[in-house]
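Following: one structure in structure tokens, then a few remarks.
Proteins come first, then strands; the chains are lettered A, B, ... in the order of their sequence lines, and each starts at number 1. A quick note: this is a predicted structure, and the numbers were derived from the prediction, not measured.
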Amino acid sequence: MSDDQLHHLITMVNQISANLHHAGSEDEAAGAVAGHLKKFWARSMKQMIIDYAEQDGSELSELSRKAVASLQKPAETT
Amino acid sequence: MLQYFDPGKPALKPDLDYGTPPATSENTVSLSIDGYDIEVPEGTSVLRAATLLGIQIPKLCASDNLEAFGSCRLCAVEIEGRRGYPASCTTPVADGMAVTTQNGKLAKLRRNIMELYISDHPLDCLTCPANGDCELQDMAGAVGLREVRYGFEGENHLAAETDDSNPYFSFDPSKCIVCSRCVRACEEVQGTFALTIEGRGFDSKVSAGQSEPFMDSECVSCGACVQSCPTSTLMEKSVIDAGQPEHSVVTTCAYCGVGCSFKAEMKGGQLIRMVPYKGGDANHGHACVKGRFAFGYATHKDRICEPMIRESIEEPWRAVSWDEAIHFAANRLKETQSRYGRESIGGITSSRCTNEETYLVQKLIRAAFGNNNTDTCARVCHSPTGYGLKTTLGESAGTQTFDSVMEADTIVVIGANPTDAHPVFGSQVRRRLREGAKLIVIDPRRIDLLKTPHGGEAIHLPLRPGTNVAMVNALAHVIVSEGLEDKAFIEQRCDQTQYTAWREFIQEERHSPEAMEAVTGVPADLVRQAARAYAANGNGAIYYGLGVTEHSQGSTMVMGIANLAMATGNLGREGVGVNPLRGQNNVQGSCDMGSFPHELPGYQHVGDAAVRARFSDVWGVAIDDEPGLRIPNMFDAAIAGTFKGLYVQGEDIAQSDPNTQHVEAALTALDCLIVQDIFLNETAKYAHVLLPGSTFLEKDGTFTNAERRINRVRKVMAPVAGLADWEVTMALSNALGYPMNYRHPSEIMDEIALLTPTFAGVSYDKLERLGSIQWPCNDEHPEGSPTMHEVDFPIGKGRFAVTEYVATEERTNRKFPLVLTTGRILSQYNVGAQTRRTENERWHEEDLLEIHPSDAELRGIHDGDWLGISSRVGRTVLRAKVSERMLPGVVYTTFHHPGSGANVITTDSSDWATNCPEYKVTAVQVEKVSQPSRWQRHFEDFDERQHELLEPAMHGRAPDDVSALK
């Protein structure tokens, strides 16, 4: 992982949150953001953002943090 | 009695000229011609009715793509009970009419007319380039002209000088019969009005502009005049050079998303000319300067004819056999995966290649690479269309046919420039505007559609770049607050919960045009007028382009557009709809074919177990259930060192993707870059394997255009390196141990139909029978679906989406006070790899920076000055063009030349939902400079070095082992 890569992922998830924060209640909005990540993000990207949220998470917006916290780590397939 | 009632069909036999356009009346009229009875739609000309009966009345000024003109008088007939000899082209049929097309008097009349024509026409038929394809000669034969009593000594036009200024056709007025077909084609078909008849009587002559050479006039070189000329006055230079073609094959253009049908007219394996095919339902016999003329790249000396390999990009290329190149590539991919893991490699499918080829590349990635790391250039153009339309309307595609625009009363064009980027559709829009439809343009630039000669009312909303969503919300606010909604449509067709939420949101005062004026910069009154014109003036149709999608809120804007259409009931019938104008020839197809990392063919998500099971059954492998990396994610991962191998078919990411220096860093970080292309493109300069690609002329397949129309691409010449692109992908797959054994692209289409519900009814046999098919094509719609969402949406009810305006983070400030926006131009296509290798370069030999006079004055800038353009990520140098087409504060350029480095300055900022880059908004500063930028100097050195490494390996012939791989 590079700083750039993580930085991009943080920007992306915050941007998604900024665009979906009007999708209903806070829980619903977090669900929409998590759903978006689940549907469109690659396994490695999800893993990275989950790791970041667990270890630091300071640059994530509140909604992003909530959404990422609800995200399951994707299973590794071989 | 013969009955012809087919108002929708322009012609019954595409190769026959019926003399005048079809009539559209539902009432029919019965008449007899030369004793044969016929019933035709009211308004049909006698000339057309006769042609339908198989009776050819001589004609020169008539053609079924032009309104009747009645000037040559050759088509005179006799009508029982009427006086004189009326022109059959301008005489409509009437009930009970009895027409005689041939008798002694008519024969004499026609012979006299021809005699007059020929008395002022050179008699050099044997050496004339039109010999074998001359209507004047044919008519002289048809009327039995045997002598010219007037002689040739009198005053004449035989010494008129030829105008050779256009690179593709010549204008020899000495052969002109002043039939006005060229002038009318320029007006009626193309809509440019560049040609006129100058002078009166004997002095009448065709003139481009104000007696200018064609190249200096407003002529856009579409060639409609050349095609319509009955003599050799306007003639393709390729025919002058090579003579008449001897056979032709109908195929589909490989330039823009209009997908025009052409007859490729051949002499053996040599393409002589491309003539737009009247039977093509996307273009009805019209074309543009790219499709008709710019095909010379296919035989350009720069074509890569042999596979090449090298260990590193510092080494010279080695031309090798197909077998060696394929195995070199396969081994490198396998080594990379064993070292860095299954997800360390991926591929990019091509929006220029066929559906079948795109399908195979994503199949190779999913089945042979074993991951979903597939993406396509739609990532950087219309991925927000996919997301936005699927979310709201349930399908990732435009809703209409192009012809639907002829029923539109208000045409809304947002962030698109059809007369340059989709010229044939642009001409159709202009035709409708001349008929009186209203035009609304939402664009920072004053596009040419606003200058349509004889167009109707037009409203231009010149908004600030990056404020689309604010604008679409303001329009929706007017529609809701002024009671302009289509309540019945909303109630029947849309989800009420989402509608209520949206309505509550959009009604808020902060979305009003007055409140948004400060954001968009557009006067509120103008926005209100536009909203009313769209919602309350009959059929409203929206057409949009990359000015909508290539923003940080591209997907939101697409949903905002769908909201407008649903709120006003402008969906599900002719004349309305939401229509993305697709950039590349097969970008619709490449999306349909499963190029995106999260979707299998037919937009079926990889997370759906039932979908995966169907694919696994047919493909014989398990499919990863997680989405793969998108192009920008691949670049990031490459720089991070986790993504190491990439197979790129027919796509030049190094030139077309934003933040060039970032892309270059990513490509340099790869251990294995395999590029399959027709030229050494910018990406190939970073490659380890270069596989020769084939042009659309060299293979069979299908393209899908912006109206979901699947059109056949037919091979007219052999691939220069022996293999078509699909055969190369197969060879690579086989070398990787995943067998592919298709014998013809039709077998690939059969597999696509098996796995893609919207393609279930598509086959080559059916395409042969119908000409083209618009998907969805299935049991319910066995012949395809011209208009979508007629009864319901694929998701049942339409879903309104709340579209909050979020300003882009790419903001201007004191250091970067101007906004750069990018676009394209008529004569060039995308990265220019094809058009730069044709005479089209004459119209646009460099990319210029357009700057408003007030911004120019402030900086002391004049036309032609060298300008340094700096953004937060890079700097490049372009020449200035002072222009009022943009607002003050906005500068504009094109990206057709790699050395211009337009994408050196564009940033990583992208659409929130799809990562589509924000090409349309970059904060920049502009200043006068005296030398190229550092990147440009690096580019020139690198370019020169890479060509030195290529040159010794270019032998210009195919390798010997082609047949082994067939």
Check: Quick one: does Gln15(A)'s side chain have a donor or acceptor within less than 3.5 Å of a partner on Ser910(B)'s backbone?
Finding: yes
Notebook entry, point to check: How close do Ala18(A) and Val806(B) get, heavy atom to heavy atom, and via which atoms?
Noted result: O-CG2, 3.7 Å
Next item on the list: Go through the structure and list residues passing side chain to side chain contact (heavy atoms under 4.5 Å, CB included) with Val611(B), not counting sequence neighbours.
Entry: Leu600(B), Gln604(B), Asp608(B), Phe615(B)
Checklist line | Donor-acceptor contact below 3.5 Å, side chain His8(A) vs main chain Asp636(B) | finding: no
Check: Are Arg43(A) and Asp624(B) close enough that some pair of their side-chain heavy atoms sits under 4.5 Å apart?
Finding: yes
Next item on the list: Select, from Thr556(B), Asn633(B), Val802(B), the one with the greatest count of heavy-atom pairs under 4.5 Å involving chain A.
Entry: Asn633(B)
Checklist line | Taking every non-hydrogen atom, the tightest pair across Trp912(B) and Leu20(A) | finding: CH2-CD2, 3.7 Å
Next item on the list: Can you tell which part of Tyr387(B) gets under 4.5 Å to a heavy atom of chain A, answering side chain, backbone, both or neither?
Entry: side chain
Checklist line | Winner by heavy-atom pair count (cut-off under 4.5 Å) against chain A, out of Arg630(B), Glu599(B), His662(B) | finding: Arg630(B)
Notebook entry, point to check: In Å and rounded to the nearest 0.5 Å, what is the CD to CG distance from Glu804(B) to Asn19(A)?
Noted result: 9.0 Å
Check: For Lys38(A), is it the side chain, the backbone, both, or neither that has a heavy atom closer than 4.5 Å to a heavy atom of chain B?
Finding: backbone
Notebook entry, point to check: Which atoms of Ala501(B) come close to chain A, meaning under 4.5 Å heavy atom to heavy atom: side chain ones, backbone ones, both, or neither?
Noted result: neither
Note to self: Taking atom CD as the centre, does Glu62(A) end up with more than 12 heavy-atom neighbours from other residues, nucleotides or ligands that are less than 6.0 angstrom away?
What the structure shows: no
Check: With Ser17(A), which residues qualify under side chain to side chain contact (heavy atoms under 4.5 Å, CB included), at least two apart?
Finding: Val33(A), Ser61(A), Leu63(A), Ser64(A)
Item checked: Other residues, nucleotides, ligands: >12 heavy atoms within 6.0 Å of Glu809(B) CD -> no
Next item on the list: Quick one: which of Pro627(B), Ala637(B), Ser909(B) has the most heavy-atom pairs under 4.5 Å with chain A, could you say?
Entry: Pro627(B)
Check: Where does Asn371(B) contact chain A at under 4.5 Å (heavy atoms): side chain, backbone, both or neither?
Finding: neither
Margin query: Can you give me the closest heavy-atom contact between Phe40(A) and His598(B), atom names plus distance?
Written below: CE2-NE2, 3.3 Å
Next item on the list: Go through the atoms of Asn915(B) and report whether side chain, backbone, both or neither lie under 4.5 Å from a heavy atom of chain A.
Entry: side chain
Next item on the list: Tell me, yes or no, whether the heavy-atom count around Arg339(B) atom CZ, taken from other residues, nucleotides or ligands under 6.0 Å, exceeds 12.
Entry: no
Margin query: Within the structure provided, determine whether Ser44(A) and Leu629(B) are in side-chain contact (heavy-atom separation under 4.5 Å).
Written below: yes
Notebook entry, point to check: Tell me, side chain or backbone of Ser552(B) under 4.5 Å from chain A's heavy atoms, or both, or neither?
Noted result: both
Next item on the list: May I ask you to check whether Trp502(B) and His22(A) place their ring centers less than 6.0 Å from one another?
Entry: no
